[in-house]
Amino acid sequence: MIVNTRLNSDFVLYIKNHIRKFLLKRSKSVEITFPTNAMIELGNVCNLRCRMCPRVYEYGKEMDVGFMPLENAKRIIDEIYPYLDSIGLTGLGETTLYPHLPEIVKYIKSKKKSIIITISTNAHIKEYKEKIAPVLDYIDNIQFSVDGVDNVFESIRGVPFSEVTDSIKFTIQRGKNVTFMLNCVVMPENYHQMQDVVEYARHLKIDYVNFNCVSIASRPGEPREYYKFFQSDEYLNAVQELRILAQKYHSMEITGPSYPQNGTFQDCIYPWEYPYISWDGFYVPCCGKPFPKLLNFGNVFEEGVMAVLNGEKAQSFRKLWQKNEPPIFCHNCQLTSL
């Protein structure tokens with residue numbers, strides 16, 4: 001990213017931030033620097049109710065719903081842009097529903113052209129094509145959520161697979177300088193289609209496919225035995241078949257979908273990296289459970305980004321990480337055994 005950063009005062013800030021990051025890490029401080037990668041939830045409004053989405057479970061039903069005011073989004077960017085390598089404009093909502101998406105992506109690029117902008121989409125909102133077309137010249141990465149093909153996809157997401165495919169093809173055709181990825185959340189309902197998702201990506205000429213095991217962190221009533229499926233011979237055999245297929249397609253990058261074996265709280269990067277700021281301004285612990293009413297470290301609209309990122313509540317959370325003592329908040333995360 002350094003080679004793409006303009007040689008100006010922002011470059012000096014960028015370098016100083018990296019030096020400070022190194023020094024803080026070496027001293028085992030619980031402070032963090034300005035983020036080099038961040039996640040900004042522009043809104044948590046969505047047009048779908050997918051089977052695995054945290055929105056459809058207890059915490060999701062209780063959350064406040066809305067869009068981040070454009071001026072507040074700009075204020076966040078103003079504070080952190082010199083230090084950024086990348087920014088994800090995605091959260092619990094469908095990003096293309098955000099009414100100010102063209103304005104904010106243009107604003108980010110006007111501040112620092114080298115910032116890599118990523119969005120995730122289900123590619124099935126009303127007037128999707130009209131919404132996505134104006135932003136394709138400003139977005140670097142688009143991740144399509146595709147959790148299977150044909151009937152399996154439709155049973156999970158509740159929308160016609162053919163219509164989503166049409167929208168994806170339109171986006172690829174128009175987004176000449178955009179990198180595309182398929183993301184598949186793997187569950188007992190669709191694990192047998194992992195190879196089919198790869199073949200679907202090849203058909204669309206998409207070279208990046210990511211698989212990740214579904215998390216039940218946002219399902220307080222779900223027993224942890226759910227995760228045992230990902231350690232079963234049935235699942236592991238499917239993963240092995242996927243790896244064999246991946247060796248066949250050298251031009252594709254296929255990541256996942258291994259379940260963490262003996263994972264611990266210290267395997268989690270989110271206390272330190274990729275801060276997630278919700279649409280209403282709260283800094284929350286992670287993207288897997290982004291519910292401010294459940295736990296948040298403060299509001300950046302009221303205090304500023306760095307004041308919250310290094311506030312007492314956030315630093316206390318990182319101290320638990322240093323002790324490898326996950327809080328109750330992390331119940332049902334794959335990396336804990338609470």
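The figures here come from the full heavy-atom set of this structure, side chains too, leaving out hydrogens, waters and symmetry mates. Residue numbers start at 1 and run along the sequence shown.
Ring to ring, Phe317 and Phe265 are close: their centroids are under 6.0 angstrom apart. Between Tyr259 and Tyr235, the distance separating the two ring centers is not shorter than 6.0 angstrom. Taking the six-membered ring where the residue is Trp, the centroids of Phe144 and Phe180 are separated by under 6.0 Å. Taking the six-membered ring for Trp and the full ring otherwise, Phe22 and His18 have centroids separated by 6.0 Å or more. Ring centroids of His100 and Tyr98 are separated by less than 6.0 Å, placing the two rings close together. Ring to ring, Phe153 and Phe161 are close: their centroids are under 6.0 angstrom apart.
Using a 4.5 Å heavy-atom cutoff, the side chains of Cys46 and Arg55 are in contact. With contacts defined as side-chain heavy-atom distances shorter than 4.5 Å, the pair Val214/Val186 does not qualify. Proximity of Ile172 to Lys205: side-chain heavy atoms (C-beta onward) are nowhere separated by under 4.5 Å. With a 4.5 Å cut-off on side-chain heavy atoms, Val284 and Phe297 do not count as touching. A 4.5 Å side-chain heavy-atom check between Val308 and Ile277 finds every atom pair outside the cut-off. Residues Thr118 and Ile87 are not in side-chain contact: their nearest non-hydrogen atoms beyond the backbone lie 4.5 Å or more apart. A heavy-atom distance below 4.5 Å is found between the side chains of Trp279 and Asp64. When side chains are defined from C-beta on, Pro220 does not count as touching Asn332, because their heavy atoms never get closer than 4.5 Å.
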Apply the test side chain to side chain donor-acceptor pair (under 3.5 Å) to residues Asn72 and Arg75: give CA-CA distance (whole Å), side-chain angles for both, the deciding distance (0.1 Å), then the verdict.
CA-CA 5 Å; Asn72 286 349; Arg75 282 168 50 201; 2.9 Å; yes

Worksheet item: What's the verdict on side-chain contact (heavy atoms from CB on, under 4.5 Å) for Leu101 and Thr95, showing C-alpha distance, side-chain angles and the deciding distance?
Response: CA-CA 8 Å; Leu101 187 58; Thr95 309; 4.1 Å; yes

* Would Leu236 and Gln231 satisfy side-chain contact (heavy atoms from CB on, under 4.5 Å), going step by step from the backbone distance to the final call? -> CA-CA 7 Å; Leu236 295 177; Gln231 299 169 309; 5.6 Å; no

Report the C-alpha distance between Met306 and Val300 in whole Å, list the side-chain angles of each, state the deciding distance to 0.1 Å, and finish with yes or no for side-chain contact (heavy atoms from CB on, under 4.5 Å).
-> CA-CA 8 Å; Met306 292 311 297; Val300 303; over 6 Å; no

Checklist line | Chi angles and distances behind the salt bridge (charged side-chain N to carboxylate O under 4.0 Å, His left out) call for Asp207, Arg202 | finding: CA-CA 7 Å; Asp207 292 329; Arg202 286 190 72 242; over 6 Å; no

Open item on the list: If you apply the rule ring pair (Phe, Tyr, Trp, His ring centres under 6.0 Å), what do you find for Phe282 with Tyr276, and how did you get there?
Closed with: CA-CA 8 Å; Phe282 292 100; Tyr276 186 117; over 10 Å; no

_side chain to side chain donor-acceptor pair (under 3.5 Å), that's the test. Do Thr121 and Glu94 meet it? Break it down for me._
CA-CA 6 Å; Thr121 178; Glu94 166 55 37; 2.7 Å; yes

Exercise. Can you check side chain to side chain donor-acceptor pair (under 3.5 Å) on Asn210 and Thr255, steps first, answer last?
Worked result: CA-CA 5 Å; Asn210 179 64; Thr255 55; 2.7 Å; yes

Quick one, Glu273 with Lys21, criterion salt bridge (charged side-chain N to carboxylate O under 4.0 Å, His left out). Give me CA distance, side-chain angles, the key distance, then yes/no.
CA-CA 11 Å; Glu273 304 283 350; Lys21 184 175 184 178; 3.1 Å; yes

Check against side chain to side chain donor-acceptor pair (under 3.5 Å), Tyr283 and Asn299:
CA-CA 6 Å; Tyr283 171 34; Asn299 193 292; over 6 Å; no

* Could you walk me through whether Asn44 and Phe291 pass the side-chain contact (heavy atoms from CB on, under 4.5 Å) test, one step at a time? => CA-CA 11 Å; Asn44 63 351; Phe291 301 110; over 6 Å; no

Next on the checklist: Checking Asp166 against Lys129 for the salt bridge (charged side-chain N to carboxylate O under 4.0 Å, His left out) test, could you report, in this order, the C-alpha distance in whole Å, the side-chain angles of both residues, the deciding distance, and whether it holds?
Outcome noted: CA-CA 10 Å; Asp166 178 63; Lys129 295 177 181 178; 2.8 Å; yes

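The 12-atom threshold is not exceeded at NZ of Lys131, counting heavy atoms of other residues, nucleotides or ligands nearer than 6.0 Å. A 6.0 Å sphere centred on CG of Asn237 holds more than 12 heavy atoms belonging to other residues, nucleotides or ligands. Heavy-atom neighbours of Lys313 NZ from other residues, nucleotides or ligands within 6.0 Å: above the threshold of 12. Within 6.0 Å of atom CD in Glu312, 12 or fewer heavy atoms from other residues, nucleotides or ligands are found, so the atom counts as exposed in its surroundings. The environment of Lys319 atom NZ is sparse: at most 12 non-hydrogen atoms of other residues, nucleotides or ligands sit within 6.0 angstrom. No more than 12 heavy atoms of other residues, nucleotides or ligands sit less than 6.0 Å from atom CG of Asn262.
Geometric assessment of Lys293 against the ring of Tyr59 yields a negative cation-pi assignment under the 6.0 Å and 45° thresholds. Annotation: cation-pi pair Arg219/Tyr226 present, NZ/CZ under 6.0 Å from the ring centroid and within 45° of its normal.
Without hydrogens or angle criteria, Gln143 side chain to Leu182 main chain gives no donor-acceptor distance under 3.5 Å. A donor-acceptor pair under 3.5 Å links the side-chain atoms of Lys176 to the main chain of Gln173, judged by distance alone. Side chain of Arg224 to backbone of Cys333: a donor-acceptor contact under 3.5 angstrom is found. Judged by distance alone, with hydrogens and angles left aside, the side-chain atoms of Asn37 form no donor-acceptor pair with the main-chain N or O of Tyr274 at under 3.5 Å. Counting only distance, with no hydrogens or angles, the side chain of Thr96 and the backbone of Ile125 share no donor-acceptor pair below 3.5 Å. Listed for the Asn190 side chain is a donor-acceptor partner under 3.5 Å among the backbone atoms of Asp147. With hydrogens and angles ignored, the 3.5 Å screen pairs no side-chain donor or acceptor of Thr33 with any backbone N or O of Arg20. Proximity of a side-chain donor or acceptor of Asp140 to a complementary backbone N or O of Ile117 within less than 3.5 Å is detected. Judged by distance alone, with hydrogens and angles left aside, the side-chain atoms of Glu79 form no donor-acceptor pair with the main-chain N or O of Gly304 at under 3.5 Å.
If you check the side chains of Thr165 and Tyr200, you find a donor sitting under 3.5 Å from an acceptor. Between the side chains of Tyr249 and Glu199, at least one donor N or O lies within less than 3.5 Å of an accepting N or O. Glu234 and Tyr191 share a side-chain donor-acceptor pair at under 3.5 Å.
Salt bridge annotation for Arg51-Glu189: present, with a cationic side-chain nitrogen under 4.0 angstrom from a carboxylate oxygen. Here Lys109 does not pair with Asp137 in a salt bridge; the nearest charged N to carboxylate O distance is not below 4.0 Å. The existence of a salt bridge linking Asp85 and Lys112 is excluded, since no basic side-chain nitrogen approaches an acidic carboxylate oxygen closer than 4.0 Å.
Interatomic distance, CZ of Arg318 versus OG of Ser316, reported as 10.0 Å (0.5 Å rounding). Atom CD of Gln247 and atom CD1 of Ile254 lie 10.0 Å apart (nearest 0.5 Å). A distance of 14.0 Å separates CE of Met68 from NZ of Lys74, quoted to the nearest 0.5 Å.
Ring orientation note: the planes of Tyr227 and Phe230 are tilted relative to one another, at an angle of 30° to 60°.
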